[in-house]
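Heads up: numbering here begins at 1 and tracks the sequence. Just the heavy atoms: all of them, side chains too, but no hydrogens, waters or symmetry mates, feed the values below.
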Amino acid sequence: MLHVDSIFTATSAVAAPQAVAAGGDPLPPPFTVARVFTETRLDSWLALGLVLAAGLYLYGVHRLRLRGDRWPVARTVFFLGPGLGGIAAVTVSGLHAYDTAMLSVHMVQHMVLSMVSPIFLALGAPITLALRTLPVRPRKRLLAIVHSRIARIYSFPLVAFAIFVVNPFALYFTDLYGYTLEHAWAHELVHAHFIMTGCVFFWPLLGLDPLPGRWPYPGRALLMVLSVPFHTVLGLTIMQSTTLFGGDWYPSLGLTWSNPWDDQVVAGGVLWAGGEFVSVTMLAVLVVQWIRQSEREARRLDRELDRQEARQRAAEAAGTAETTS
């Protein structure tokens, strides 16, 4: 009897480390759509940051309206909906319970945090809103930051493109990804890094805020097109890999409802298809912006020509009146 108890105790001691995920959280139940809602957690630092960002943005819009100024509703919808809302959907919702248990869920987070939400945050033009509502001294400080040397370097399209492309390879093809699975704080830091990387890349391309060194539309479109193959290569490499990403982490969890190899194939497919879809869609948005900018420029030139013609006619009329007199 004692021998059996000893075996049971030893077995439990070995199994105990497998019963928890990163940060000591218990392993999640089998993944279902319903659990995306039931596993929601609102006590994270990221949830607090999202609420604070939304509150500041809405306060700025409210200040403008009190002044009688107009702020486009679409910008507010973009910033709060797909922007902040997209971040919340993959980090505060029940998906967070599976982000260290399933690579495919992590890849969904990767796509939204680095390629979807930053685009709509940029289209919300929060810097422009802040410049229109802040007092004089804070406004000058914000302008100094926007036009600082560091901002110029990181917002330069080629630098932003290099950061955006190299980062996923540096994360997934080194031991860094395994480290983030084992340490919850590092995994949360990767989420923040995804958001910042996406903002650095998409803000100069699609954003409406006044940034230094912004390229003309043909150059922006070229960078958007060049970003597509890298997601394809990364996704296909993950799908065809003969080694598991994260090392022994996923098999050690002992999930009976998820096969790490099958899940890795799904994860690569998410990155491949999602990257191409977002890139092509955003290229279309960039083209629309380009067309609208050309139309605005054409209208501006027309108004300038009309003013020149009016001045010329006025000058001719004045000359004729002097000759007649």
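- No donor-acceptor pair under 3.5 Å is formed between the side chain of Trp185 and the backbone N or O of Thr180.
- Of all heavy-atom pairs spanning Pro82 and Val77, the tightest one is CD-O, 3.4 Å.
- No hydrogens or angles considered: nothing links the side chains of Tyr57 and His62 as a donor-acceptor pair under 3.5 Å.
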**Request:** Go through Phe169 and Thr237 one step at a time and tell me if the side chain to side chain contact (heavy atoms under 4.5 Å, CB included) criterion holds.
**Result:** CA-CA 10 Å; Phe169 290 92; Thr237 302; 5.6 Å; no
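- A heavy-atom distance below 4.5 Å is not found between the side chains of Arg70 and Leu64.
- Residue Tyr59 qualifies as open at atom OH: its count of foreign heavy atoms under 6.0 Å is 12 or below.
- A donor and an acceptor atom, one from each side chain of Asp263 and Ser258, are nowhere located under 3.5 Å apart.
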**Message:** side chain to side chain contact (heavy atoms under 4.5 Å, CB included) for Leu95 and Phe31? Distances and angles first, verdict last.
**Reply:** CA-CA 9 Å; Leu95 283 180; Phe31 180 82; 3.8 Å; yes
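- The CZ atom of Phe194 sits 10.5 Å away from the CG atom of Leu189 when rounded to the nearest 0.5 Å.
- Side-chain heavy atoms closer than 4.5 Å link hydrophobic residues (I, L, V, M, F, W, Y) into clusters, and following such links, possibly through other members, connects Leu226 to Val285.
- In terms of heavy atoms, Arg67 sits closest to Thr133 at NH1-CA, 4.2 Å.
- The cationic group of Arg75 does not satisfy the cation-pi geometry with Phe78, failing either the under 6.0 Å distance to the six-membered ring centre or the 45° limit from the ring axis.
- For the pair Arg65 (side chain) and Gly60 (backbone), a donor-acceptor distance under 3.5 Å is absent.
- The main-chain N or O of Gly83 is found under 3.5 Å from a side-chain atom of Ser117 such that the two form a donor-acceptor pair.
- Applying the 6.0 Å contact sphere to CZ of Arg311 captures more than 12 heavy atoms from other residues, nucleotides or ligands.
- No side-chain donor-acceptor contact under 3.5 Å links Ser241 to the backbone of Ile238.
- A parallel orientation is assigned to the rings of Tyr217 and Trp290, their planes being inclined by less than 30° (bins at 30° and 60°).
- The pair Glu304-Arg307 meets the salt-bridge criterion, since a charged nitrogen lies less than 4.0 angstrom from a carboxylate oxygen.
- What you find for Pro168 and Leu234 is that their closest heavy atoms are CB-CD2, 3.4 Å.
- Within the 4.5 Å cutoff, side-chain heavy atoms of His231 are placed close to those of Met115.
- Phe277 and Val90 fall within a single hydrophobic cluster, where Ile, Leu, Val, Met, Phe, Trp and Tyr side chains are chained together by heavy-atom contacts under 4.5 Å.
- For the 3.5 Å distance criterion, the side chains of His191 and Gln109 qualify, holding a donor opposite an acceptor.
- Minimum interatomic distance between Gln289 and Leu206 (heavy atoms only, all atoms of both residues): NE2-O, 3.2 Å.
- In this structure, Arg141 places its CZ atom where only 12 or fewer heavy-atom neighbours from other residues, nucleotides or ligands lie under 6.0 Å away.
- Here Met196 contributes atom CE and His193 contributes atom NE2; the two are 7.0 Å apart, rounded to the nearest 0.5 Å.
- Contact detail for Leu244 and Gln264: the closest heavy-atom pair is CA-OE1, 3.4 Å.
- The hydrophobic clustering, which links ILVMFWY residues whose side-chain heavy atoms are closer than 4.5 Å, places Ile127 and Leu134 together.
- With hydrophobic clusters built from ILVMFWY side chains whose heavy atoms lie under 4.5 angstrom apart, Phe156 shares a cluster with Met224.
- Here the CZ atom belonging to Arg63 is positioned 14.0 Å from the CH2 atom belonging to Trp71, to the nearest 0.5 angstrom.
- Atom CZ of Arg137 has 12 or fewer heavy atoms from other residues, nucleotides or ligands within 6.0 Å.
- Counting only heavy atoms from C-beta outward, the side chains of Ile163 and Tyr154 approach each other to under 4.5 Å.
- Interatomic distance, Thr232 OG1 to Leu271 CG, rounded to the nearest 0.5 Å: 9.0 Å.
- At least one side-chain heavy atom of Pro126 sits under 4.5 Å from a side-chain heavy atom of Asp209.
- Under 3.5 Å, the side chains of Tyr172 and His110 contain a donor-acceptor pair of N or O atoms.
- Counting non-hydrogen atoms of other residues, nucleotides and ligands closer than 6.0 Å to CH2 of Trp203 gives a total above 12.
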**Request:** Apply the test ring pair (Phe, Tyr, Trp, His ring centres under 6.0 Å) to residues Tyr250 and Phe245: give CA-CA distance (whole Å), side-chain angles for both, the deciding distance (0.1 Å), then the verdict.
**Result:** CA-CA 9 Å; Tyr250 294 111; Phe245 285 77; 9.5 Å; no
**Request:** Evaluate the criterion side chain to side chain contact (heavy atoms under 4.5 Å, CB included) for residue pair Leu129 and Arg132; output intermediate values, then yes/no.
**Result:** CA-CA 5 Å; Leu129 178 62; Arg132 293 181 60 181; 5.6 Å; no
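- Taking the six-membered ring for Trp, His106 and Tyr98 have ring centres at least 6.0 Å apart.
- Within a 6.0 Å sphere centred on CZ of Arg139, other residues, nucleotides and ligands contribute more than 12 heavy atoms.
- Aromatic pair Phe202/Phe164: centroids less than 6.0 angstrom apart.
- Interatomic distance, Leu46 CG to Ile87 CD1, rounded to the nearest 0.5 Å: 7.0 Å.
- Under the 4.5 Å side-chain criterion, counting only non-hydrogen atoms from C-beta, Pro118 is not in contact with Phe201.
- Within the 3.5 Å criterion, the main-chain N or O of Trp215 finds a donor-acceptor partner in the side chain of Arg220.
- Counting only heavy atoms from C-beta outward, the side chains of Val92 and His96 never approach each other to under 4.5 Å.
- Under the 4.5 Å side-chain criterion, counting only non-hydrogen atoms from C-beta, Leu103 is in contact with Tyr177.
- Under the 4.5 Å side-chain contact rule for hydrophobic residues, Ile119 and Leu283 share a cluster.
- When side chains are defined from C-beta on, Thr128 does not count as touching Leu208, because their heavy atoms never get closer than 4.5 Å.
- The heavy-atom pair separating Ala97 from Pro28 by the smallest distance is O-CG, 3.4 Å.
- Between the OG1 atom in Thr197 and the CG atom in Leu113 there is a gap of 10.5 Å [rounded to 0.5 Å].
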**Prompt:** Run the side chain to side chain contact (heavy atoms under 4.5 Å, CB included) check on Cys199 and Leu121 step by step: do they pass?
**Reply:** CA-CA 8 Å; Cys199 288; Leu121 293 178; 4.2 Å; yes
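- Within a 6.0 Å sphere centred on CG of Leu66, heavy atoms belonging to other residues, nucleotides or ligands number more than 12.
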